[in-house]
Amino acid sequence: MTVHQPTAPAAFSLPEYERPAGVHPPLNSPAYRSTALRAPGQPPVLLPQHLTEITGPLLGEGRVTATDADLTTGHGGEPLGERIIVTGRVLDSDGRPVPDTLVEIWQANASGRYHHAVDEHPAPLDPNFSGVGRCVTDSSGRYRFVTIKPGAYPWRNHPNAWRPAHIHFSLFGRAFTQRLVTQMFFPGDPLYFQDPIFNSVPQAARERLICRFDLDLTEPEWALGFGWDIVLRGQRATVFENEGDA
Amino acid sequence: MTGPGLTPSQTVGPYLGMGLPWTDGPFVVPEGTPGAITITGVVRDGAGAPVPDALVETWQADPDGRFGHPDDPRGAAEPKVAGFRGFGRCPTDADGSYRIVTLRPGALPCPDGGTEAPHIDVSLFSRGLLDRVVTRIYFGDEQEANAADPVLREVDPDRAGTLIAKADPAVPGLFRFDITMRGDGETVFFDV
């Protein structure tokens, strides 16, 4: 035995995270044209969930300041557009809250323009809106952002293509297996039928990307409230050791 | 399943550069840390073109094969090297290149008693990827450990080379790891 050998019991068990089927979009989704050269052509190799996969970066308070969750402040004045509150809980699929985890968002402004050099949509930038926010969930897994409702914007995927209004969300959870980047959409958007990104999600799971308007979250004479819970892969309830393979 | 339904993934889109990169993102350890290595490479698409709007994220054990995480059955390890956080993220440049400054990870025990060779887990995000893809970086100078690694052993030998970072003979501490998203020389991606 040397000091360089990893020290652990001869056999030990690790949490096992569910492997979802029928939830995430297939990487090869031809209606979204950019997948053609970027989605892998080979099927993925099954990776056992070992120590690197069941751990992950625990990114919290050090990455955010108190004002990062309010995208309407920090500039010379107030941004244009419809002020909204977006809040909800980060859970795992066992229903347990995920506390103290970093949530990052980015979005277009009210005109449908991103504060990014690549965005050529001829809609105005807003000097009072950069469209980037972050926060850390509280002990009950709750996050809360104050922002502006983003506008729809055109893109060149197909003739007269428009993205429904959305906010990009990035989540870490507590394990490498739980990492998720997604988009939150708004109720009643008329653009869903022609959006290949939204429609890439299996139909049964698509509605989970749409937040709900909630009058109880709405602050009188100030901002509309929208609720949206985010559910990350949970640990399987029971782990059986396969003794035959030991 | 009795709990709430999982939230589906969506692409990071073309504007991830607004929201995800951090100034210190590429530095798993602070620059200048003794023993630090740099892993660099180019992300290419199925036509061989560099991908200028991707994000590479890394997660790994420390040099002793430990994690600062409570789910490690050996207990959460305090970092022995100041500023080591195990996690790195780097957006690709106009030429498709990224770099990560880190320490070499240690080998890891497996639940069944085997040992995993030193490796770094990688998530790749970009426009055109509706979910992240996951790969692993192994080290070319760990031939013995790699040969015994339970994950590498399951990979088609003709493709396993895509998982090996190669030391630059001219620059000590520099490793090359390119990622090919599709087509000839396609990197092995994992279902995690």
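Worth saying up front: this structure is predicted, and the values here are computed from it rather than measured. Chain letters run A, B, ... following the sequence lines, proteins first and then strands; every chain starts at 1. Keep in mind that the numbers below use all heavy atoms, side chains included, and drop hydrogens, waters and symmetry copies.
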Counting the benzene-type ring for Trp, do Trp162(A) and Tyr192(A) have ring centres under 6.0 Å apart?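 No - the distance between ring centres of Trp162(A) and Tyr192(A) does not fall below the 6.0 Å cut-off.
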Step through it carefully: locate the ring centre of His166(A), locate the ring centre of Tyr153(A), and say whether they are under 6.0 Å apart. yes
Counting heavy-atom pairs under 4.5 Å to chain A, which of [options] comes out on top?
options                                  : result
Gly46(B), Gly19(B), Pro8(B)              : Pro8(B)
Asp45(B), Asp24(B), Asp71(B), Asp121(B)  : Asp121(B)
Val12(B), Asp72(B), Leu129(B)            : Val12(B)
Arg85(B), Arg89(B), Arg44(B)             : Arg89(B)
Asp53(B), Val133(B), Val43(B), Val155(B) : Asp53(B)

Any chance you could lay out the salt bridge (charged side-chain N to carboxylate O under 4.0 Å, His left out) test for Arg19(A) and Asp191(B), step after step, and finish with the verdict? CA-CA 9 Å; Arg19(A) 295 177 183 266; Asp191(B) 172 1; 3.5 Å; yes
Heavy-atom distance under 4.5 Å to chain B: side chain of [X], backbone, both or neither?
X         : answer
Leu58(A)  : side chain
Leu180(A) : side chain
Thr55(A)  : both
Glu104(A) : side chain
Pro202(A) : neither
Ala36(A)  : backbone
Tyr32(A)  : side chain
Gln49(A)  : side chain
Asp92(A)  : backbone
Tyr17(A)  : side chain
Arg63(A)  : side chain
Leu59(A)  : side chain
Arg233(A) : both

Checking side-chain contact (heavy atoms from CB on, under 4.5 Å) for the pair Phe177(B)/Tyr138(B): CA distance, chi angles, key distance, verdict? CA-CA 9 Å; Phe177(B) 186 81; Tyr138(B) 289 87; over 6 Å; no
Check the pair Trp106(A), Phe169(A) against ring-ring contact (aromatic ring centres under 6.0 Å, His included), reporting the backbone distance first and the verdict last. CA-CA 7 Å; Trp106(A) 71 102; Phe169(A) 273 73; 9.1 Å; no
Using the ring of each side chain (for Trp, its six-membered ring), is Tyr143(A) parallel, tilted or perpendicular to Phe145(A), with breaks at 30° and 60°? tilted
Side chain, backbone, both or neither: which part of [X] has a heavy atom under 4.5 Å from chain A?
X         : answer
Phe189(B) : both
Leu20(B)  : both
Asp156(B) : neither
Val192(B) : both
Ala47(B)  : both
Tyr15(B)  : both
Ile120(B) : neither
Val188(B) : side chain

Among the listed options [options], the residue most often paired with chain B at heavy-atom distances under 4.5 Å:
options                                    : value
Ala39(A), Gly234(A), Ala205(A)             : Ala39(A)
Gly41(A), Pro40(A), Gly133(A)              : Pro40(A)
Ile230(A), Ile197(A), Thr177(A), Leu46(A)  : Ile197(A)
Leu91(A), Thr182(A), Val23(A)              : Thr182(A)
Gln183(A), Arg179(A), Arg206(A), Arg163(A) : Arg179(A)
Val118(A), Asn28(A), Ile54(A), Asp119(A)   : Asp119(A)

Is the shortest side-chain N to carboxylate O distance from Arg66(B) to Asp64(B) below 4.0 Å? no
Gln143(B) atom CD, neighbour heavy-atom count above 12 within 6.0 Å: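 No, because the 6.0 Å sphere around CD of Gln143(B) holds 12 heavy atoms or fewer from other groups.
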Whether over 12 other heavy atoms sit under 6.0 Å from Asp184(B) CG: no
Taking all atoms of both residues into account, what is the closest heavy-atom pair of Gly173(A) and Val98(A), and its distance?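 The answer is CA-CG1, 4.0 Å.
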Could you check whether Thr147(A) and Gln107(A), counting side-chain N and O atoms only, form a donor-acceptor pair closer than 3.5 Å?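 A pair is found: one side chain offers a donor N or O, the other an acceptor, under 3.5 Å apart.
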So, Arg99(B) and Thr38(B): side-chain donor and acceptor under 3.5 Å apart, yes or no?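 Absent: no donor and acceptor within the cut-off.
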Flag this pair as yes if the NZ/CZ of Arg174(A) is under 6.0 angstrom from the six-membered ring centre of Phe67(B) and inside a 45 degree cone about the axis; otherwise no. no
Passes salt bridge (charged side-chain N to carboxylate O under 4.0 Å, His left out), Glu116(B) versus Arg136(B)? Steps please. CA-CA 12 Å; Glu116(B) 286 187 294; Arg136(B) 269 189 173 187; 2.9 Å; yes
May I have the step-by-step check of ring-ring contact (aromatic ring centres under 6.0 Å, His included) for Phe87(B) and Trp22(B), ending in yes or no? CA-CA 12 Å; Phe87(B) 176 74; Trp22(B) 303 335; 5.7 Å; yes
Please evaluate residues Lys166(B) and Asp168(B) with respect to the criterion salt bridge (charged side-chain N to carboxylate O under 4.0 Å, His left out), reporting the C-alpha separation (whole Å), side-chain torsions for both, the decisive distance (0.1 Å), and the verdict. CA-CA 6 Å; Lys166(B) 292 167 188 66; Asp168(B) 185 324; over 6 Å; no
Only one of Thr33(B), Ile37(B), Asp62(B), Thr58(B) forms a side-chain contact (heavy atoms from CB on, under 4.5 Å) with Thr102(B), so which one is it?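 Looking at Thr33(B), Ile37(B), Asp62(B), Thr58(B), the match for Thr102(B) under the side-chain contact (heavy atoms from CB on, under 4.5 Å) is Ile37(B).
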Taking it one step at a time, do Arg134(A) and Asp68(A) satisfy salt bridge (charged side-chain N to carboxylate O under 4.0 Å, His left out)? CA-CA 5 Å; Arg134(A) 54 189 73 81; Asp68(A) 286 347; 3.7 Å; yes
